[in-house]
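First the structure, in the form of structure tokens, and then the observations on it.
Quick caveat, the model's predicted, so the values are computed rather than measured.
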Amino acid sequence: MNYLSRQSNQAADFQSPAAASNQPPSEAREPILETPEKGLAPVECSNGRPETASKASPIPKAEGPIEPGQTRADWSPHWLTHWWPKLIEARLSLLSLIVFFILWEGVCYFGIIGPYQLVPPSKVIKIFILKLTEVNPDGAYLWAHALSSLGLAVLGFMAAALVGIPLGLLMGWYPRFNYIARPLFDIIRPVPPIAWIPLAILWLGIGVKAKAFIIFLASFVPCVINSFTGIRLTNPTLTRVAKIHGASDFTVFLKIGTPSAIPMIFTGLRLSLNAAWTTLVAAELLAASQGLGFMIQMGRRLARPDIVIVGMLTIGFLGAILSWGLTKAEKLFVSSRRLS
Amino acid sequence: MGTRKNLTFEGLGPTAAKAAPPSEYILFCQGLMVSFQLLDQLKVLDGFTLGVKENEFLVVLGPGQCGKTVLLNCLAGLQEPQAGLVSFKGAPVRGPSAERGLVFQKYALFPWQTVEENVAWGLKSKGTAKAERRRIAAKYIELVGLTGFEKAYPQALSGGMKQRVGLARAYASGPEVLLMDEPFGALDAQTRYAMEKELLTIWEKEKRTVIFVTNNIEEAIYLGDRVVLMSKRPAKLKKEWEITIPHPRSYTDPVFLALRQQISADYDLVL
Ligand SMILES: Nc1ncnc2c1ncn2[C@@H]1O[C@H](COP(=O)(O)OP(=O)(O)O)[C@@H](O)[C@H]1O
Ligand SMILES: [Mg+2]
């Protein structure tokens, strides 16, 4: 940013005599103030600029190329054109949040919705802090619930990635393998993972194993599909290059196919993580003795909307953190290895 | 694939033995027939015969979509013809081999590898030791004038530089024949002229048998010792010219222009 703005200031200095002599400032300001939509102003400016430049200065064009983005800064400082609109955007977002919380607080304060259905945000914050050091009424600290849920989700997700990615890659690369695995996979795929809960409980009981199994199924499917699609997108020319140098089919699979699939694999992982987190909460709602899903279920039974809302917000927050972490990891991995 | 009429030497019997390739040819193909089953039978090559002499710079000229890439794939061993034979140094070609290097039409570098790793790829799969790989890679990177870019990734290179890497990679695995599939087709005109010149310089330093495929008549005359012209699909060998203009050739040389006119007259237009 700094560098850019310095550049455009230089351009402004360089051009200022021409601009000052030929363009009445009021006229010049207009397009900028009028155009929060980017892209309109530069066009107008560049239409105006070359004329004035050639009239006023004998400098050949090659020495002072005017880029559309720079001409704006001739007339007004960078912060006005760049930061001001952003600030307005940020203020609008903040405003909508504030209005939302005031309405929520008001609805509770005036008793429009009763305390057994909804609690105000102020109370939610209080309960959140309290639950960090308080076991009652649902039997465990908030962080204990959160850790239990996180552990389970990550366990199922990891297992799914470890099995699903190689499976998808092999299916995508070796047609015979695909013919064998595809029908079985196609039977499992359309069954919503939650529908497995009863069977999982019959087989594995109400416990970590059953839930991990369900989460595994849920996150397994996107892993397979995306690795499969990813390796199918391998550039056939790269495959030919490898083969001409005498690489075996398996080497090509490992060294060309797999890296080509990595961007899609990450897409699959993101979908998987999402599926894992969603399914986890559903599973805990039905069969659990700990975890965030269990906590909000208890909140409902005890008619404690405060507990429910604290649980919901924690679920949302942790889910966001997880996918943020994965996106970061993806960026690091993919860009450092030039895989995209 | 099952109905392939197999015309390898063993299968041909005594009469065919007489038709064995003249020993002056390092790479030889005879009666190549390739067709694809799309909606219709699409016949691409139909009885294509071509012999390539050792260390000659042969240009195969042909209109777009006439089967030039298919021909090179057959010569490289990446594709099996339905009929006909390909032989390399007297032995039938059964599959791809590093002895016949390919330079591709599109930039075909591994984007996740540096220039050096790309160039050394073939050596690595041959099992060459690391120090030796680096030495050979450095040698050919220097040959194509990219010293200093060993650690760069392909995305940072211009089109011309990418094709130089492709050339260095083909050279590095020590091929006897270089098959080039419109290597400069994607470059802009200026870069293209520069690369043509550069290619000849490199080739003078490290002579190999080159089969250079192009659809550009000027490029063909500029580069080739010999130019063979393919007809439009189904492709046959239409005509052949020996080009004896000494290097460096000039695009405005009267002999060049006369030749250009001659070839244009025979060039099939495909719209
Ligand atoms: N694997 C394939 N399957 C079907 N058709 C193909 C295949 N490869 C090439 N063709 C067809 O063969 C014809 C010749 O292709 P190609 O050799 O690539 O032409 P060019 O001379 O431009 O290199 C084209 O019409 C193309 O569509
Ligand atoms: Mg082609």
Side-chain angles (χ1 to χ4, degrees), chain A residues 3 62 165-166 168-169 172-176 178-179 226-227 229-269 327-340, chain B residues 69-70 72-73 75-79 93-115 117-128 133 151-157 162 165-166 169-175 177-183 186:
Chain A
Y3 174 66
I165 293 172
L169 291 176
W173 195 258
Y174 296 104
R176 291 207 176 142
N178 189 29
Y179 292 134
N226 284 279
S227 330
T229 316
I231 203 163
R232 282 285 171 102
L233 292 175
T234 304
N235 179 349
T237 311
L238 295 186
T239 309
R240 287 203 300 160
V241 175
K243 288 211 167 143
I244 203 88
H245 288 294
S248 68
D249 196 37
F250 185 68
T251 311
V252 182
F253 165 72
L254 274 187
K255 296 283 175 64
I256 314 294
T258 307
S260 301
I262 279 177
M264 279 299 278
I265 289 177
F266 268 104
T267 307
L269 285 178
T327 310
K328 275 277 166 223
E330 172 182 2
K331 277 215 181 106
L332 265 178
F333 191 82
V334 170
S335 68
S336 71
R337 293 173 194 219
R338 334 259 153 171
L339 291 169
S340 61
Chain B
T69 300
V70 171
L72 279 195
N73 279 346
L75 294 179
L78 285 166
Q79 182 163 11
V93 165
R94 291 237 165 72
S97 137
E99 290 172 314
R100 295 180 303 281
L102 253 174
V103 181
F104 291 85
Q105 187 166 4
K106 292 183 208 122
Y107 314 128
L109 305 180
F110 304 122
W112 51 82
Q113 292 188 346
T114 61
V115 167
E117 289 165 338
N118 262 290
V119 172
W121 211 91
L123 298 168
K124 200 171 176 186
S125 45
K126 254 202 300 192
T128 315
R133 285 205 305 262
K151 301 287 178 237
Y153 283 90
Q155 64 184 33
L157 303 182
K162 283 183 198 163
V165 179
R169 178 174 61 190
Y171 261 111
S173 29
V177 176
L178 281 174
L179 306 166
M180 305 198 188
D181 190 0
E182 302 189 39

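Of residues 253-260 of chain A, those residues with a non-hydrogen atom less than 4.5 Å from any non-hydrogen atom of chain B are, in numerical order, A:Lys255, A:Ile256, A:Pro259, A:Ser260.
We find the NZ-OG distance between A:Lys243 and B:Ser97 to be 15.0 Å, quoted to the nearest 0.5 Å. For the atom pair B:Asn73 CG and A:Arg240 CZ, the distance stands at 4.5 Å (nearest 0.5 Å).
Comparing A:Asn235, A:Ile244, A:Thr251, A:Thr237 by heavy-atom pairs within less than 4.5 Å of chain B, the highest count is held by A:Ile244. In terms of non-hydrogen atom pairs under 4.5 Å with chain A, the most contact-rich of B:Gly166, B:Pro154, B:Ala98, B:Ala108 is B:Ala108.
Looking at B:Trp112, the atoms closer than 4.5 Å to chain A (heavy atoms on both sides) sit in the backbone and in the side chain alike. For B:Arg169, the parts lying under 4.5 angstrom from a heavy atom of chain A are both the backbone and the side chain. Looking at B:Ser173, only its side chain comes within 4.5 Å of chain A, counting heavy atoms on both sides. At a 4.5 Å heavy-atom cutoff, the contact between B:Leu109 and chain A is made by backbone atoms alone.
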side-chain contact (heavy atoms from CB on, under 4.5 Å) for B:Trp121 and A:Val241? Distances and angles first, verdict last. CA-CA 9 Å; B:Trp121 211 91; A:Val241 175; 5.8 Å; no
